[in-house]
Trainee: 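Here it is: the structure, laid out below.
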Amino acid sequence: MNKIYVVGIGPGGCDQMTGIAMNALKDSDTIIGYTVYVDLVKDTFPDKEYLTTPMKKEVDRCVLAFEEAMKGKRVSMICSGDAGVYGMAGLMYEVGEKYPEVELEIIPGVTAALGGAAVLGAPLIHDFCLISLSDLLTPWEKIEARLLGASQADFVICLYNPSSKKRHDYLQKACDLMMQYKSPETVCGTVCNIGREGEEYQVMTLKELRDRQVDMFTTVFIGNSQTKEINGKMVTPRGYRNV
């Protein structure tokens, strides 16, 4: 049976890629992905064939992968972070219904929440959730409801896609919503360019976070009521008892 690996390549450089991901790419004839992600692996695997599609051409990218696999090629579809976290794994299964001759194998990777948490310290030790602020595929009303629900339940919240040129004020809006249930002094953190050149992190309060400028390469962490700053790092205790 023809096979496609759907590979999470981690948050940045190849040194943050899992061993099983490295092996999948080594085993592939063709590597397919968004242009930015392909550029991250080209130097490590220079002998591979590379095919790319731009942003918003995800379905075309999936079809391309299946068509290449049908030619008998060993194919890897790559995603940043983990392929199953805001990645291509789900869409590959949906498109793959038309290609029953092709087997999919999902290869896990280090998602931005985990890579960024390691840079910040230990913000995700207790219950947490991931919420994307991009309303390209999800209505803002649903994003708003999730922000309010997670804040009321005192989750640590990790935000993906916090801002863009068209959504320059979305982080500000999100902070205003979260402050309906979270203290303005809640410990928060940001990490940009995780695992890549220019990696940088900051720890701040939720009130301060509201006015920070961030971009699509920034991952944002909002603590729970127990999260604290220790020696410049963001730390969430393991539990609420005996704290």
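These values consider heavy atoms only, across backbone and side chains, with no hydrogens, waters or symmetry-generated copies. Since we're looking at a predicted model, the values are computed, not measured.
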Trainee: Is F221 linked to L159 within one hydrophobic cluster, defined over Ile, Leu, Val, Met, Phe, Trp and Tyr using a side-chain heavy-atom separation of less than 4.5 Å?
Mentor: no

Trainee: If the condition is ring-ring contact (aromatic ring centres under 6.0 Å, His included), which residues does Y201 pass it with, not counting sequence neighbours?
Mentor: none

Trainee: Show me the pairs that pass ring pair (Phe, Tyr, Trp, His ring centres under 6.0 Å) and involve residues 54-76, at least two apart or across chains.
Mentor: F66-Y99

Trainee: Applying side chain to side chain donor-acceptor pair (under 3.5 Å) as the test, list every pair that has at least one member in residues 174-185; sequence neighbours left out.
Mentor: D176-R210

Trainee: To the closest 0.5 Å, what do you measure between OG (S28) and NZ (K48)?
Mentor: 6.5 Å

Trainee: With a 4.5 Å cut-off on side-chain heavy atoms, are R61 and I32 touching?
Mentor: yes

Trainee: Atom CG of residue position D15 - does it have more than 12 heavy atoms of other residues, nucleotides or ligands inside 6.0 Å?
Mentor: yes

Trainee: Could you tell me whether a side-chain N or O of E67 sits under 3.5 Å from a main-chain N or O of L64, the two making a donor and an acceptor?
Mentor: no

Trainee: Yes or no on side chain to side chain donor-acceptor pair (under 3.5 Å) for T53 and D60, after CA distance, side-chain angles and deciding distance?
Mentor: CA-CA 8 Å; T53 65; D60 293 346; over 6 Å; no

Trainee: Residues in side-chain contact (heavy atoms from CB on, under 4.5 Å) with P184, at least two apart?
Mentor: M179, K207

Trainee: How long is the span from the CG atom in D169 to the SG atom in C175, to the nearest 0.5 Å?
Mentor: 11.5 Å

Trainee: Hey, could you give me the CG/CD1 distance between D127 and I157, rounded to the nearest 0.5 Å?
Mentor: 12.0 Å

Trainee: I'd like to know if the side chain of Y5 pairs up with that of D27 as donor and acceptor (distance under 3.5 Å, no hydrogens or angles considered).
Mentor: yes

Trainee: Nearest heavy-atom pair of V110 and P11: which atoms, and what distance?
Mentor: O-CD, 3.3 Å

Trainee: Quiz question: by atom type and distance under 3.5 Å, do the side chains of R212 and Q172 form a donor-acceptor pair?
Mentor: no

Trainee: Who passes ring-ring contact (aromatic ring centres under 6.0 Å, His included) against F128, sequence neighbours left out?
Mentor: none

Trainee: Are F45 and V36 joined in one hydrophobic group, where the rule is that I, L, V, M, F, W and Y side chains link up if heavy atoms are under 4.5 Å apart?
Mentor: yes

Trainee: Report yes if some heavy atom in the side chain of K3 is under 4.5 Å from a heavy atom in the side chain of E105; otherwise report no.
Mentor: yes

Trainee: Atom OG1 in T236, atom CD1 in I230: separation rounded to 0.5 Å?
Mentor: 9.5 Å

Trainee: Take I222 and F155 through the side chain to side chain contact (heavy atoms under 4.5 Å, CB included) test and state the conclusion after the steps.
Mentor: CA-CA 9 Å; I222 298 93; F155 277 96; over 6 Å; no

Trainee: Does Y34 reach the side chain of T52, with side-chain heavy atoms less than 4.5 Å apart?
Mentor: no

Trainee: Nearest 0.5 Å please: distance from the CE atom of M234 over to the OG1 atom of T227.
Mentor: 5.0 Å

Trainee: Testing the 3.5 Å rule here: is there a donor-acceptor pair between the side chains of Y160 and S134?
Mentor: no

Trainee: Looking just at side-chain N and O atoms, do S132 and N161 make a donor-acceptor pair shorter than 3.5 Å?
Mentor: yes

Trainee: So how far is it from W140 CH2 to D135 CG, rounded to the nearest 0.5 Å?
Mentor: 7.5 Å

Trainee: Is the shortest heavy-atom distance from the side chain of Y86 to the side chain of T111 under 4.5 Å?
Mentor: no

Trainee: Would you please say whether a donor-acceptor pair under 3.5 Å links the side chains of D215 and T218?
Mentor: yes

Trainee: Ion pair present between K173 and E144, side-chain N to carboxylate O less than 4.0 angstrom?
Mentor: no

Trainee: Only one of E68, E49, K71 passes side-chain hydrogen bond (donor to acceptor under 3.5 Å, both in side chains) with T30; say which it is.
Mentor: E49

Trainee: Report yes if the side chains of L133 and L147 come closer than 4.5 Å at any heavy-atom pair, otherwise no.
Mentor: yes

Trainee: For N23, which residues count as a side-chain contact (heavy atoms from CB on, under 4.5 Å) partner, sequence neighbours excluded?
Mentor: K26

Trainee: Show the nearest heavy-atom pair for residues V95 and C62, with the distance to one decimal.
Mentor: CG2-CB, 3.9 Å

